[in-house]
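Working notes, structure below.
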Amino acid sequence: MQSPEAQLEILKRGAAQIINEAELLAKLRLGRPLNVKLGVDPTAPDIHLGFTVALTKLRQFQDLGHQAILIIGDFTAMIGDPSGRSKARPQLTHDQVMNNARSFQEQAYKILDPERTRTVFNGQWFEMMTFEEVIKLNGRVTLQQMLQREDFKNRLERGDAVHLHEIQYPIMQGWDSVVVKADVEIGGTDQLFNILVGRDLQREEGQPQQIVFLMPLLEGLDGVQKMSKSLGNYVGVSEAPTEMFGKLMSITDTLMARYYLLLLGEDVPDIHPMDAKKQLARRIVARYHGEEAGNAALEDFNTKFSKRDVENAEWPVVDFAGVNQDIVSIVVAGYEKGYQIAKSRGDARRLVEQGSIQLHEEKITDPKATPTLAAGTVLKLDKKRAVRVG
RNA sequence: GGGUAGGUACCGAAGUGGCCAAACGGGGCGGACUGUAAAUCCGCUGGGCUUACGCCUUCAGUGGUUCGAAUCCACUCCUGCCCA
């Protein structure tokens, strides 16, 4: 095990805020593995790279010899974390949650070291809590404290609803920390309030208080808003290798630096930005799909886009038998069969008219064209997609 | 429970009897240029039919008034605000 000071240096990398460093150092000096808590609410069946920032940090703790406690918020997920939200989250049923939790856990273990991870479901303690206990817990937090929060304040000012159940959320998350006796809790910067409530509750229970360890929120592909499913600017960890690679290649250079820091914990290598980006994409794909897949995705990208060798690249093979002869129908079928994307005929027609469609390297711009589809030729659909005629 | 303001396309937001498939902005998409980056320029952006002029459907839901409704009326559902 490394010295407490050396550990602190490593852990500080990429962190947005630590409350506070001196306390953390003191805990590291205890010489025992620390309980490092990370709570996740399985609100969706798969996680995206944004989540992995905290997971990656947790892994770093593990590598330094500490114990990860992964809390699956099967109970809290039904409430919905209001943090940073402009609306209440939709409440989920327990079945949905448990279903999500399973795949969630599986994906988290791609990053975490299973040997040093304890996974617990917070339904274990919340389900059996009595109303009396709930009330008692509520007595420890004031409405004023809750209302100081930026997200609630904004919603109140804008006249949007803040539901009472949402107010319970930070208390529940804080109670999790008491139950698992957390030494450190990792979270995004939007978790500041929730994690601080944990500290308060621990103090009331006579426990040592946890360190608040905040990681920056990872910007989504647009480079502006945080990565989130509902904004559609995310990269899912279970996405297909080529898909993942392509998305990562589309980010700006500034964003690339952030991804290097937060996803790989490194600085951008001093090479051509494009090569740096390819390395980033390759390594991330490799992390979730294996080295081989990473290299294959890189190669695929080089063929398709760097060399623009559309004809020799790999595309989904589509059988156009039974499809109408006109190009619009063909394009619609190509999207549907090759990519499971439902395009309207209007959209398809527009693509044709705007010169996006190519068959065997010939542009087709007449929506009335009825080209012959020779087997093996490539039909280019848009910037990123094409299909091979089967 | 009472009062009041609203529910328009992916989102925000105009429109308050015909000129509305619906201004404008954002987002998205395509083309050019590139490093599938950024920046920039051009174009498209509800769905279906049609070679095309054009036609059909659509503004929370249902029913009505009118030659004609997103726009007027009635009821229903949903949301905010004020009062209790």
Side-chain angles (χ1 to χ4, degrees), chain A residues 85-88 90 152 154-163 166 219-235 239-260 268-282 284-285 297-310 313-315 324-329 331-332 334-336 339 341-359 361-370 378-386:
Chain A
R85 284 241 136 194
S86 52
K87 285 178 188 166
F152 284 158
N154 288 344
R155 278 157 68 177
L156 282 172
E157 272 165 20
R158 282 216 318 271
D160 291 340
V162 176
H163 294 269
E166 296 184 82
E219 292 86 352
L221 295 170
D222 55 48
V224 182
Q225 293 184 273
K226 72 169 180 177
M227 186 176 280
S228 94
K229 189 143 260 197
S230 46
L231 291 172
N233 60 358
Y234 68 98
V235 181
E239 279 184 56
T242 51
E243 189 68 17
M244 194 182 257
F245 199 99
K247 281 187 176 182
L248 288 167
M249 283 308 287
S250 75
I251 63 177
T252 66
D253 292 354
T254 328
L255 193 56
M256 170 170 71
R258 293 283 289 164
Y259 281 21
Y260 257 96
V268 182
D270 191 20
I271 50 179
H272 188 286
M274 187 187 59
D275 292 323
K277 206 184 284 179
K278 283 180 180 173
Q279 285 311 308
L280 172 77
R282 188 192 60 74
I284 304 242
V285 170
L298 172 64
E299 202 170 304
D300 178 72
F301 180 88
N302 281 335
T303 320
K304 279 180 186 165
F305 303 108
S306 298
K307 295 186 200 149
R308 293 172 198 273
D309 190 356
V310 175
E314 276 200 35
W315 303 106
N324 277 354
Q325 289 289 293
D326 66 287
I327 189 65
V328 173
S329 300
V331 168
V332 171
Y335 272 103
E336 196 175 287
Y339 295 92
I341 293 173
K343 279 273 179 205
S344 70
R345 294 185 62 80
D347 271 339
R349 160 187 300 260
R350 263 169 238 128
L351 286 171
V352 173
E353 285 169 347
Q354 293 184 138
S356 176
I357 306 303
Q358 281 180 29
L359 179 64
E361 308 197 298
E362 293 274 323
K363 230 175 222 197
I364 299 179
T365 51
D366 179 5
K368 286 165 296 191
T370 53
V378 170
L379 175 73
K380 176 180 163 282
L381 297 171
D382 57 35
K383 266 182 178 158
K384 301 175 184 172
R385 286 177 272 255

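Each chain gets a letter, A, B and so on, in the order the sequences are listed, and its residues count up from 1.
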For atom C1', what is the distance between B:A14 and B:A23, given to the nearest Å?
6 Å
Look at the side chain of A:Asp253 and decide which nucleotide, out of B:G35, B:U34, B:G30, has an atom nearest to it.
B:G35
Which whole number of Å gives the distance between the C1' atom of B:U8 and that of B:C78?
15 Å
Rounded P spacing from B:G28 to B:C19 in Å
33 Å
So what does A:Asp275 touch, heavy atoms closer than 4.0 Å: a base, only the sugar-phosphate, or nothing?
nothing
Are the side chain of A:Thr303 and the backbone of A:Glu299 linked by a donor-acceptor contact shorter than 3.5 Å?
yes
Taking A:Tyr234 for the side chain and A:Lys226 for the main chain, is one N or O donor matched with an acceptor at less than 3.5 Å?
no
Cation-pi, A:Phe305 ring and A:Lys384 (6.0 angstrom, 45 degrees):
no
Please classify the nucleic acid contact of A:Arg385 as base, sugar-phosphate, or nothing, using heavy-atom distances under 4.0 Å.
nothing
Value in whole Å for how far the P atom of B:G27 lies from CG of A:Asn233
13 Å
Expressed as a whole number of Å, how far does the P atom of B:G63 sit from that of B:U57?
15 Å
Minimum-distance nucleotide to A:Lys368 side chain [options: B:U51, B:A32, B:G35]
B:U51
In dot-bracket notation, what is the pairing pattern of RNA chain B, taking Watson-Crick (N1-N3 plus N6-O4 or O6-N4) and G-U wobble (N1-O2 and O6-N3) contacts under 3.5 Å, with [ ] crossing and | for other strands?
((((((((.[[[..)..(.....]]]((((((.......))))))((((....))))..[[[[[..)....]]]]]))))))).
Looking only at atom types and distance, does a side-chain atom of A:Lys277 sit under 3.5 Å from a main-chain N or O of A:Leu248, one as donor and one as acceptor?
no
Picking from B:G31, B:U50, B:G35, which would you name as closest to the side chain of A:Met274?
B:G35
Result for 5'-nearest mapping on RNA chain B, choosing between A:Leu351 and A:Ser250, is A:Leu351
So do the side chains of A:Val331 and A:Ile327 get within less than 4.5 Å of each other, counting heavy atoms only?
yes
Could you tell me how far B:C73 sits from B:G7 if I compare only their P atoms? Round to whole Å.
14 Å
Whichever of A:Asp382 and A:Thr252 has the more 5' nearest nucleotide on RNA chain B, that residue is A:Asp382
Does A:Asp326 pair with A:Arg345 as a salt bridge, N-O distance under 4.0 Å?
yes
Can you give me the N/O atom pairs linking the protein to nucleotides 43-47 of chain B at distances under 3.5 Å, or say none if there are none?
from  : atom 1 : to       : atom 2 : distance (Å)
B:G43 : N2     : A:Gln354 : OE1    : 3.2
B:C44 : O4'    : A:Gln354 : OE1    : 2.9
B:G47 : OP1    : A:Ser344 : OG     : 2.8
B:G47 : OP2    : A:Arg350 : NH2    : 3.0

What is the distance from NZ of A:Lys383 to C1' of B:A37, rounded to the nearest Å?
11 Å
For A:Val268 versus A:Met256, what's the shortest heavy-atom pair and its separation?
CG1-CE, 4.2 Å
So, OP1 or OP2 of B:G31: does either fall under 4.0 Å of a side-chain N or O from A:Lys380?
yes
For the C1' atoms, the ones on B:U58 and on B:C49, what distance do you get once it is rounded to whole angstrom?
16 Å
Can you measure from CE (A:Met249) to NZ (A:Lys278) and round to the nearest 0.5 angstrom?
5.5 Å
Separation of atom CD in A:Glu353 from atom C1' in B:C29, rounded to whole Å:
14 Å
Give me the atom names and distance for the closest heavy-atom approach of A:Ala297 to A:Phe245.
CB-CD1, 3.6 Å
Separation between the C1' atoms of B:A60 and B:G26, rounded to whole Å
24 Å
Could you tell me which non-hydrogen atom of A:Val310 sits nearest to which non-hydrogen atom of A:Trp315, and how far apart they are?
O-NE1, 3.0 Å
Roughly how many Å is it from OH in A:Tyr259 to P in B:A38, rounded to a whole number?
13 Å
Please state how far atom CG in A:Asp366 lies from atom C1' in B:U51, giving the value in whole angstrom units.
10 Å
Calculate the interatomic distance between A:Lys343 atom NZ and B:G28 atom P; express it in whole Å.
14 Å
What integer distance in Å separates A:Leu221:CG from B:G28:C1'?
14 Å
Separation between CD of A:Gln279 and CZ of A:Arg282, rounded to the nearest 0.5 Å:
5.0 Å
d(NZ, A:Lys363; P, B:G30) in whole Å:
13 Å
With rounding to the closest Å, how many angstrom separate the C1' atoms on B:U65 and B:A69?
10 Å
